[in-house]
Amino acid sequence: MSTQSSALPPVASVKALLANEHAQGSDVLVQGWVRTRRDSKAGFSFVHLNDGSCLNNIQLVADQALPNYQNEILKLTSGSSIQCVGTVVESKGKGQSVEIQVKTIEVMGLVEDPDTYPIQPKQHSYEFLRSVAHLRPRTNTFGAVTRIRHAAAQAIHRFFDEQGYCWVNTPIITASDAEGAGQLFRVSTLDLANLPKTDSGHIDFAQDFFGQETFLTVSGQLNVEAFCLAMSKVYTFGPTFRAENSNTSRHLAEFWMVEPEVAFADLNDLAHLAEQFLKSVFSDVLTHCAEDMAFFADRIEPEAITRLEKVIESPFIRMDYGEAIKILEASGQKFEYPVSWGTDLQTEHERFLTEVHCKAPVVVVNYPDAIKAFYMRLNDDNETVAAMDVLAPGIGEIIGGSQREERLDVLQKRMAHHGLDAETYRWFLDLRRYGTVPHAGFGLGFERLLNYITGLGNIRDVIPYPRTPKSAPF
RNA sequence: UCCCCGGUAGCUCAGCUGGUUAGAGCGGGUGACUGUUAAUCACUAGGUCGUUGGUUCGAGUCCGACCCGGGGAGCCA
């Protein structure tokens with residue numbers, strides 16, 4: 001907004017105008033993009049302008065006496081950019097309290113070919129909008145998503161800050177495969193057409209940029225544990241990369257993850273934290289984005305607001321993995337995948353627990369050792385680990401976490417059992433050698449959280465530029 | 001990666017068991033009308049029916065291959 005000269009009145013956001021923060025009778029400068037234009041042959045046009053500051057538009061009333069009325073204003077179509085100087089006045093029409101009586105409209109950019117401008121004032125399919133990801137922020141839905149994404153991120157930082165957590169920026173480039181599972185994206189500056197080889201015929205990564213094999217991180221957890229065992233309460237919030245060939249509405253190759261890690265905490269503390277965290281973020285979003293949330297409730301998911309309120313009000317249901325298995329076995333449901341102790345919960349099982357049995361988020365704890373990661377703390381029964389999953393209706397696993405194995409000897413055994421190289425994880429083991437303490441942490445998929453908040457069904461619609469297998473346009 | 005479904009105008013879709021010049025709504029243009037609200041009405045322009053082989057007298061329609069998209073599953077957050 002640097003186009004303002006001293007001759008122009010102060011810039012007013014649409015949000016501030018509609019909130020009556022500018023007195024009627026005062027002159028303002030409004031800048032934004034045209035949503036619709038309707039002409040009255042009585043001699044003026046209505047231009048609805050949006051600047052992204054809020055869901056609604058400000059109505060500009062432009063009289064035909066304006067010098068550029070015929071050759072510019074009547075050519076404004078959806079998507080055109082303008083800045084307008086005018087007076088805030090009470091609206092004579094219905095549907096808005098105030099509007100702008102135009103003094104001047106300066107056209108910054110017309111839409112070159114209105115016939116092919118993709119964004120129209122109508123319902124578009126999400127698939128189509130993904131193909132115009134550079135223009136979809138101009139729709140009501142993606143404007144609302146963008147504001148809610150921002151508000152949720154702020155709410156997350158605020159929650160942790162108020163609880164005394166430090167935000168730690170763990171590296172995006174890593175040398176270790178954090179969990180011994182999952183496909184990684186390689187980071188390399190080697191010439192793919194002419195790879196250097198060692199004497200034994202393998203690729204010589206010593207000649208690569210970092211002098212060794214490197215990848216994009218799949219989790220900041222291992223790195224942040226080190227800071228946890230110094231700062232006590234820490235969290236990461238940043239991009240994460242998985243090269244899995246996952247083609248679902250719940251997976252991205254590049255997504256954002258929140259990972260708190262707490263020292264002197266056990267699984268119960270962690271489950272409590274997860275519950276407080278979700279409730280706080282939901283509550284924050286509901287108060288800060290009331291208008292956008294009302295839009296989602298109206299257009300996307302009727303329960304969008306009420307289900308968040310329900311989550312905020314009611315205690316999370318906590319159950320043992322063993323208990324969950326018993327409930328599923330006794331359910332009388334026909335599952336495609338049979339349920340028995342020792343198998344991982346399938347999507348259909350999670351859905352039954354959250355959507356049918358509990359009708360609320362469920363925290364499942366203490367999973368069998370065999371189906372969980374090496375760093376999770378072995379329980380005294382020697383067959384389960386102190387892991388937890390928070391399952392949300394309609395989304396599935398929204399949070400996955402555990403108490404970490406803090407005992408050096410037990411961790412070493414578990415790593416050997418998982419076939420991990422102790423040398424690679426030497427620094428991670430050091431943390432158990434030098435002043436180890438019980439600690440616990442979880443990972444939350446930020447986009448999955450946004451899916452749950454907005455009611456949008458596809459994860460590609462809550463991130464600005466989705467990256468999925470075979471797809472990284474824009 | 002597996003299983004389903006789909007690809008027709010700028011967008012959203014219709015097009016029945018293959019049959020002559022491929023339709024509608026919205027959007028665009030023109031005009032009428034109106035303090036309008038995704039305005040309304042009339043007229044108008046706009047399509048190599050995803051690509052490519054094949055079957056057929058004839059293919060948007062049937063078959064094969066490929067590409068792309070969606071839904072579900074696995075993997076997970």
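Below, chains carry the letters A, B, ... as their sequence lines are ordered, and counting in each starts from 1. Predicted model, so just to flag it, every value in this text is computed and none were measured.
- Heavy atoms of A:N57 sit nowhere under 4.0 angstrom from any nucleic acid atom.
- Among the nucleotides B:U36, B:U37, B:G10, the one closest to any side-chain atom of A:T116 is B:G10.
- Taking the P atoms as reference points, B:U52 lies 16 Å from B:U8, given to the whole Å.
- Applying the 4.0 Å criterion to OP1 and OP2 of B:U36, one finds that A:R37 has every side-chain N and O outside that range.
- Heavy atoms of A:L449 sit nowhere under 4.0 angstrom from any nucleic acid atom.
- B:C66 atom P lies 14 Å from atom NZ of A:K470, rounded to whole Å.
- Only one option out of A:R37, A:R38, A:R35 pairs with A:H48 in a side-chain hydrogen bond (donor to acceptor under 3.5 Å, both in side chains); it is A:R38.
- The separation of B:A14 from B:A9, taken at their P atoms, amounts to 12 Å, rounded to a whole angstrom.
- Residue A:S78 has no polar side-chain atom (N or O) positioned under 4.0 Å from OP1 or OP2 of B:G27.
- Residue-to-nucleotide contacts include no donor-acceptor pair under 3.5 Å from the side chain of A:D113 to the base of B:G10.
- The base of B:G6 is not paired with the side chain of A:E127 by any donor and acceptor separated by under 3.5 Å.
- Listed pair A:S125 / B:G70 fails the phosphate criterion, with no side-chain N or O lying under 4.0 Å from OP1 or OP2.
- As judged by a 4.0 angstrom heavy-atom cut-off over every strand, A:E99 is placed among the base-contacting residues.
- Nucleotides B:G10 and B:A45 have their P atoms positioned 16 Å apart, rounded to a whole Å.
- The same atom, P, is picked in B:U44 and in B:U37; the two are 25 Å apart, to the nearest Å.
- The residue among A:R351 and A:W256 whose nearest nucleotide of RNA chain B is located toward the 5' end is A:R351.
- Base contact: A:T248 has a heavy atom under 4.0 Å from a base atom.
- Nucleotide B:A65 forms a pair with B:U51, judged by Watson-Crick or G-U wobble geometry with both contacts under 3.5 Å.
- Taking atom CD of residue A:Q59 and atom C1' of nucleotide B:U34, one finds them 14 Å apart after rounding to whole Å.
- Around CZ of A:R299, the count of heavy atoms belonging to other residues, nucleotides or ligands within 6.0 Å does not exceed 12.
- Going from atom NE2 of A:H48 over to atom C1' of B:U36 covers 8 Å, rounded to whole Å.
- Within the nucleic acid shown, A:R130 comes within 4.0 Å of sugar-phosphate atoms alone, with no base atom in reach, counting heavy atoms only.
- Within 6.0 Å of atom NE2 in A:H418, more than 12 heavy atoms from other residues, nucleotides or ligands are found, so the atom counts as buried in its surroundings.
- For a distance-only test at 3.5 Å, the side chain of A:S246 qualifies as a donor-acceptor partner of the base of B:C75.
- Of the candidates B:G28, B:C76, B:U34, B:G28 carries the atom nearest the A:P114 side chain, counting heavy atoms from C-beta on.
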Item to check | From CA spacing to verdict: side-chain contact (heavy atoms from CB on, under 4.5 Å), A:Y367, A:D344 | outcome: CA-CA 8 Å; A:Y367 284 79; A:D344 207 354; 4.2 Å; yes
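- To the nearest whole angstrom, the two C1' atoms, one in B:C68 and one in B:U17, are 30 Å apart.
- Nucleic acid contact for A:I119: none, since no nucleic acid atom lies under 4.0 Å from a heavy atom of the residue.
- Where A:T77 and A:E350 meet RNA chain B, the nucleotide closest to each residue was compared, and A:T77 sits on the side nearer the 5' end.
- With rounding to whole Å, A:F335 atom CZ is found 15 Å from B:A73 atom C1'.
- The minimum heavy-atom distance between A:A440 and A:L270, with the atom names listed, is C-CD1, 3.8 Å.
- In this structure, B:A32 and B:U40 make a Watson-Crick or G-U wobble pair, each of the two defining distances being under 3.5 angstrom.
- Taking only side-chain nitrogens and oxygens, A:R460 never comes nearer than 4.0 Å to OP1 or OP2 of B:G69.
- The nearest whole Å value for the distance from the CG atom in A:L252 to the C1' atom in B:C75 is 14 Å.
- Relative to the side chain of A:R38, the nucleotides B:C75, B:G71, B:U37 differ in distance, and B:U37 lies closest.
- One donor-acceptor pair, N or O on each side, does fall under 3.5 Å between the base of B:U36 and the side chain of A:Q96.
- B:G53 and B:U12: their C1' atoms are spaced 32 Å apart (whole Å).
- Nucleic acid contact for A:Q120: base, since at least one base atom lies under 4.0 Å from a heavy atom of the residue.
- Ring centroids of A:H349 and A:Y337 are separated by 6.0 Å or more, keeping the two rings apart.
- B:U36 atom C1' lies 13 Å from atom CG of A:L60, rounded to whole Å.
- Taking the P atoms as reference points, B:G6 lies 11 Å from B:C63, given to the whole Å.
- Rounded to an integer number of Å, the gap from A:N50 CG to B:A38 P is 14 Å.
- Among the heavy atoms of the strands lying under 4.0 Å from A:H251 is at least one base atom, whether or not backbone atoms are also near.
- When distances are taken from the side chain of A:F128 to each of B:G74, B:G70, B:C11, the shortest belongs to B:C11.
- Using modelled atom types and a 3.5 Å distance limit, the side chains of A:N451 and A:R250 yield no donor-acceptor pair.
- The number of heavy-atom neighbours closer than 6.0 Å to CE of A:M231, taken from other residues, nucleotides and ligands shown, is 12 or below.
- Of the candidates B:U37, B:G35, B:G74, B:G74 carries the atom nearest the A:Y337 side chain, counting heavy atoms from C-beta on.
- B:C62 and B:C49 have their P atoms separated by 16 Å, with the value rounded to a whole Å.
- Base-pair partner of B:C57: B:G19 (Watson-Crick or G-U wobble, both distances under 3.5 Å).
- In this structure, A:R467 forms no cation-pi arrangement with A:F241, as its terminal cationic atom is not both closer than 6.0 Å to the ring centre and no more than 45° off the ring axis.
- When the side-chain nitrogen and oxygen atoms of A:N247 are compared with OP1 and OP2 of B:G74, none of them lie within a distance under 4.0 Å.
- For A:S471, the listed nucleotide lying nearest its side chain is B:G69; candidates were B:G69, B:C76, B:G71.
- The nucleotide whose nearest atom lies closest to any side-chain atom of A:H124 is, among B:G71, B:C11, B:U36, B:C11.
- When the P atom of B:A38 is taken as reference, atom CG of A:N56 falls 11 Å away, rounded to whole Å.
- If you check B:A73 for Watson-Crick or wobble pairing at under 3.5 angstrom, you find it paired to B:U1.
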